[in-house]
Protein chains: 2
Amino acid sequence: MKLTKENIESLDKLYRTNLVNSLSGFKSANLIGTVSKEGKTNLAIFSSVIHVGANPPALGFLMRPVSVERHTYTNIKETNHFTINHINKEMFKQAHQTSARYDKDVSEFDACGLTPEFTKTLQVPYVKESKIKIGLRFVEEQEIKFNGTIFIVGEIVELILPEEIISKDGYVDIEKAGTIAISGLDSYHVTKLIARLAYAKPGVEPKEF
Amino acid sequence: MKLTKENIESLDKLYRTNLVNSLSGFKSANLIGTVSKEGKTNLAIFSSVIHVGANPPALGFLMRPVSVERHTYTNIKETNHFTINHINKEMFKQAHQTSARYDKDVSEFDACGLTPEFTKTLQVPYVKESKIKIGLRFVEEQEIKFNGTIFIVGEIVELILPEEIISKDGYVDIEKAGTIAISGLDSYHVTKLIARLAYAKPGVEPKEF
């Protein structure tokens with residue numbers, strides 16, 4: 001079927017939200033951990049984390065407009081740091097629950113049954129139940145004028161992961177770590193490797209590793 | 001194991017590239033179709049497409065710095081339009097092959113064995129082999145000053161997909177469409193649904209649909 005912009009805009013709001021949120025493809029499943037300047041921890045699920053650069057190592061994510069109170073955003077601006085923690089199949093329900101609208105004085109760690117974990121490097125909480133945990137320093141925000149969303153960039157300052165899932169060439173087997181993928185607003189998926197493909201060159205057939 | 005920023009920066013370049021590219025979690029797998037003002041089609045694989053907004057419907061993706069020639073970027077700026085096409089398991093090798101460095105006068109459609117498809121609405125090519133195809137109008141670019149990457153935003157103007165994969169509530173079963181996920185630079189994965197979870201509310205246990 002074919003839908004125009006006008007067709008999409010005339011859809012029921014919830015239907016349109018579900019539809020358009022499905023269109024980007026599979027999404028990363030991460031929990032972002034922060035802390036307020038008063039020391040109150042916060043945890044929120046995000047499906048928009050993407051790779052920004054390998055050198056210097058950096059990740060980014062898109063936030064909804066800050067017209068309503070966004071604890072993650074406020075905390076990042078207050079403390080300059082945040083953590084990104086992969087969601088795995090053992091704790092995806094607790095991770096999903098962090099999307100409920102808790103008051104600022106409630107920590108999603110307590111409310112959702114996840115455990116804050118701290119290192120000597122950073123004051124911001126990691127998620128103990130995650131197997132891949134990344135500590136970041138806030139470096140930049142760019143507002144998308146089109147709809148007021150904000151792209152946040154963080155430089156990786158600490159990385160915690162099981163050594164046995166790192167291949168000889170640096171590739172991390174996130175599937176082995178149980179990391180899952182999201183589709184739409186609320187759908188959680190495990191993955192199964194098809195293949196790794198060698199660096200592509202013109203005139204050479206795609207080769208599996 | 002724990003790595004600091006200094007540990008990561010001292011790694012071998014290829015090792016670091018593989019490692020850091022694995023950290024964002026699973027990535028969307030899309031082909032971006034464009035055309036130059038001379039009418040030459042171009043196709044390139046991107047793993048950074050994310051949801052930007054449902055109303056107006058918009059998607060975005062991050063591009064590497066334009067310090068070297070980027071055909072996708074040049075074409076989008078010339079024609080103001082592009083397409084996003086989901087990669088499925090039947091054609092992921094052809095999709096991967098589009099990452100080879102072809103000259104500007106070579107169309108990746110021809111070189112990689114994929115078929116351009118046009119509609120009456122847009123002058124830019126869709127990928128016939130994709131089951132979910134999205135036509136977009138370029139609306140904004142934001143440069144990430146940290147490393148010169150560019151976040152491109154497009155408003156959805158046309159959407160082509162099989163009616164039978166759309167649920168009653170608008171959720172699109174992209175798994176049923178064979179859409180795959182990427183990890184790292186070069187790893188392709190099929191998915192298997194664990195569950196859809198209901199809208200989260202404080203004090204209510206996470207419920208499956």
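Reminder, nothing fancy here: chain letters follow the sequence lines and each chain counts from 1. Scope of the values below: all heavy atoms of this structure, side chains included, with no hydrogens, waters or symmetry mates.
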Colleague: Show the numbers, then the answer: is there a side chain to side chain contact (heavy atoms under 4.5 Å, CB included) between B/Lys2 and A/Leu159?
Modeller: CA-CA 6 Å; B/Lys2 197 179 290 189; A/Leu159 170 61; over 6 Å; no
Colleague: I'd like to know which of A/Asn7, A/Ile50, A/Ile166 tops the heavy-atom pair count under 4.5 Å against chain B.
Modeller: A/Ile50
Colleague: Heavy-atom pairs under 4.5 Å with chain A are the metric here; pick the option from B/Thr121, B/Leu11, B/Ile160, B/Asn21 that has the most.
Modeller: B/Asn21
Colleague: Does any heavy atom of chain A fall under 4.5 Å from the side chain of B/Asn30, the backbone, both, or neither of them?
Modeller: side chain
Colleague: Using side-chain heavy atoms (C-beta onward) and a distance below 4.5 Å, is A/Lys192 in contact with B/Lys192?
Modeller: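 They are not in contact (no side-chain heavy atoms under 4.5 Å apart), so the answer is no.
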Colleague: Looking at A/Asp103, A/Asn18, A/Ile84, which one has more heavy-atom pairs under 4.5 Å with chain B than the rest?
Modeller: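 Most pairs with chain B among the choices: A/Asn18.
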Colleague: Rounded to the nearest 0.5 Å, how far does CG of B/Leu136 lie from NZ of A/Lys5?
Modeller: 12.0 Å
Colleague: Return the minimal non-hydrogen interatomic distance between A/His86 and B/Leu23, and the atom names on each side.
Modeller: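 Looks like NE2-O, 2.7 Å.
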Colleague: What are the two closest heavy atoms between B/Ser187 and A/Leu193, and how far apart are they?
Modeller: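 B/Ser187 and A/Leu193 have their closest heavy atoms at OG-CD1, 3.1 Å.
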Colleague: With only heavy atoms counted, which part of B/Ser183 is less than 4.5 Å from chain A, the side chain, the backbone, both or neither?
Modeller: both
Colleague: Do other residues, nucleotides or ligands put more than 12 heavy atoms under 6.0 Å from the NZ atom of B/Lys104?
Modeller: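 Enclosed.
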Colleague: Let me confirm one number: the CD-CD distance from B/Gln94 to A/Glu205, rounded to the nearest 0.5 Å.
Modeller: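 Between B/Gln94 CD and A/Glu205 CD, I get 9.0 Å after rounding to 0.5 Å.
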Colleague: Please state whether the side chain, the backbone, both or neither of B/Ala177 comes within less than 4.5 Å of a heavy atom of chain A.
Modeller: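 Answer is neither: B/Ala177 stays 4.5 Å or more from chain A.
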Colleague: What distance separates B/Ile182 CD1 from A/Ser28 OG, expressed to the nearest 0.5 Å?
Modeller: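 These two atoms lie 13.0 Å from each other.
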Colleague: Quick check on the interface: out of A/Leu19, A/Thr4, A/Leu197, A/Leu59, who has the most heavy-atom pairs with chain B under 4.5 Å?
Modeller: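 Max contact count across the listed options: A/Leu197.
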Colleague: Between the side chains of B/Ser99 and A/Tyr199, is a donor N or O closer than 3.5 angstrom to an acceptor N or O?
Modeller: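 Absent: no donor and acceptor within the cut-off.
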Colleague: With chain B as the partner, which of A/Gly184, A/Cys112, A/Pro57, A/Ala29 has the greatest number of non-hydrogen pairs under 4.5 Å?
Modeller: A/Pro57
Colleague: Tell me the ring-ring contact (aromatic ring centres under 6.0 Å, His included) pairs involving residues 89-136 of chain A, sequence neighbours left out?
Modeller: A/Phe92-A/Tyr188, A/His96-A/Tyr188
Colleague: Tell me if the NZ atom of B/Lys207 is crowded by more than 12 foreign heavy atoms within 6.0 Å.
Modeller: no
Colleague: Please report the closest heavy-atom contact between A/Gly53 and B/Val20, naming both atoms and the distance.
Modeller: O-CG1, 3.5 Å
Colleague: Among B/Glu164, B/Glu143, B/Lys13, single out the residue with the greatest number of heavy-atom pairs under 4.5 Å to chain A.
Modeller: B/Glu143
Colleague: With a 4.5 angstrom heavy-atom cut-off, could you sort out which part of B/Phe151 is near chain A: side chain, backbone, both or neither?
Modeller: side chain
Colleague: Just so I understand: if I count every heavy-atom pair under 4.5 Å between each of A/Val49, A/Ile156, A/Ile144 and chain B, which residue has the most?
Modeller: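 It is A/Ile144.
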Colleague: Which region of B/Thr98, side chain (C-beta onward) or backbone (N, CA, C, O), has a non-hydrogen atom less than 4.5 Å from a non-hydrogen atom of chain A, or is it both or neither?
Modeller: neither
Colleague: In Å and rounded to the nearest 0.5 Å, what is the CD1 to CE distance from B/Ile165 to A/Met1?
Modeller: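 So the gap between those two atoms works out to 10.5 Å.
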Colleague: What's the shortest heavy-atom distance between B/Pro202 and A/Arg101, and which atoms?
Modeller: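 Here B/Pro202 and A/Arg101 meet closest at CG-O, 3.4 Å.
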Colleague: Which atoms of B/Val139 come close to chain A, meaning under 4.5 Å heavy atom to heavy atom: side chain ones, backbone ones, both, or neither?
Modeller: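 For B/Val139, side-chain heavy atoms alone lie under 4.5 Å from chain A.
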Colleague: Mark yes when over 12 heavy atoms from residues, nucleotides or ligands other than B/Glu9 sit less than 6.0 Å from its CD; otherwise mark no.
Modeller: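 It does: B/Glu9 CD has more than 12 such atoms within range.
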Colleague: Say whether, by atom type as modelled, one donor and one acceptor occur between the side chain of B/Glu6 and the main chain of A/Val157 under 3.5 angstrom.
Modeller: no
Colleague: Within the distance-only criterion (no hydrogens, no angle test), does the side chain of A/Gln97 pair as donor or acceptor with the backbone N or O of B/Val204 below 3.5 angstrom?
Modeller: yes
Colleague: Tell me, side chain or backbone of B/Ala195 under 4.5 Å from chain A's heavy atoms, or both, or neither?
Modeller: both
Colleague: Check whether B/Asp169 gets within reach of chain A through its side chain, its backbone, both or neither, counting any heavy atom under 4.5 Å.
Modeller: both
Colleague: Indicate yes or no: does A/Lys145 engage B/Glu140 in a salt bridge with an N to O separation below 4.0 Å.
Modeller: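 Salt bridge flag = no for B/Glu140 with A/Lys145.
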Colleague: Less than 4.5 Å to any heavy atom of chain A: does that hold for the side chain of B/Ile8, its backbone, both, or neither?
Modeller: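 Answer is side chain: those atoms of B/Ile8 sit under 4.5 Å from chain A.
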Colleague: Look at A/Lys93 together with B/Glu208 and state whether they make a salt bridge at an N to O cut-off of under 4.0 Å.
Modeller: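 Salt bridge flag = yes for B/Glu208 with A/Lys93.
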Colleague: B/Lys133 versus chain A, heavy atoms under 4.5 Å apart: side chain, backbone, both or neither?
Modeller: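 B/Lys133 has no heavy atom closer than 4.5 Å to chain A.
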Colleague: Below 4.5 Å from any heavy atom of chain A, which atoms of B/Val106 appear? Answer side chain, backbone, both or neither.
Modeller: neither
Colleague: Any idea which of A/Lys201, A/Glu155, A/Lys89 has the most non-hydrogen atom pairs under 4.5 angstrom with chain B?
Modeller: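 Option with the top pair count is A/Glu155.
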Colleague: Determine yes or no for a side-chain-to-main-chain donor-acceptor pair under 3.5 angstrom, with B/Asn147 supplying the side chain and A/Val52 the backbone.
Modeller: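 Flag set: sc B/Asn147 to bb A/Val52 pair under 3.5 Å.
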Colleague: How far apart are the C-alpha atoms of B/Leu3 and A/Glu158, what are their side-chain angles, what is the distance that settles it, and do they pass the side chain to side chain contact (heavy atoms under 4.5 Å, CB included) test?
Modeller: CA-CA 6 Å; B/Leu3 294 169; A/Glu158 187 171 58; over 6 Å; no
Colleague: Does A/Glu90 CD have over 12 foreign heavy atoms under 6.0 Å away?
Modeller: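 Check passes, neighbour count above 12.
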Colleague: Determine whether the aromatic ring centres of B/Phe26 and A/Phe26 lie less than 6.0 Å apart.
Modeller: no
Colleague: Under a 4.5 Å heavy-atom cut-off, does chain A meet the side chain of B/Ile134, its backbone, both or neither?
Modeller: side chain
Colleague: What heavy-atom pair brings A/Leu62 and B/His51 nearest, and what distance separates the two atoms?
Modeller: CD2-O, 3.5 Å
Colleague: Heavy-atom distances under 4.5 Å only: say whether B/Ile180 touches chain A with side chain, backbone, both or neither.
Modeller: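 Both parts, backbone and side chain.
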Colleague: Any donor and acceptor pair, going by atom type alone, linking the side chain of A/Asn55 with main-chain N or O of B/Thr17 inside 3.5 Å?
Modeller: no
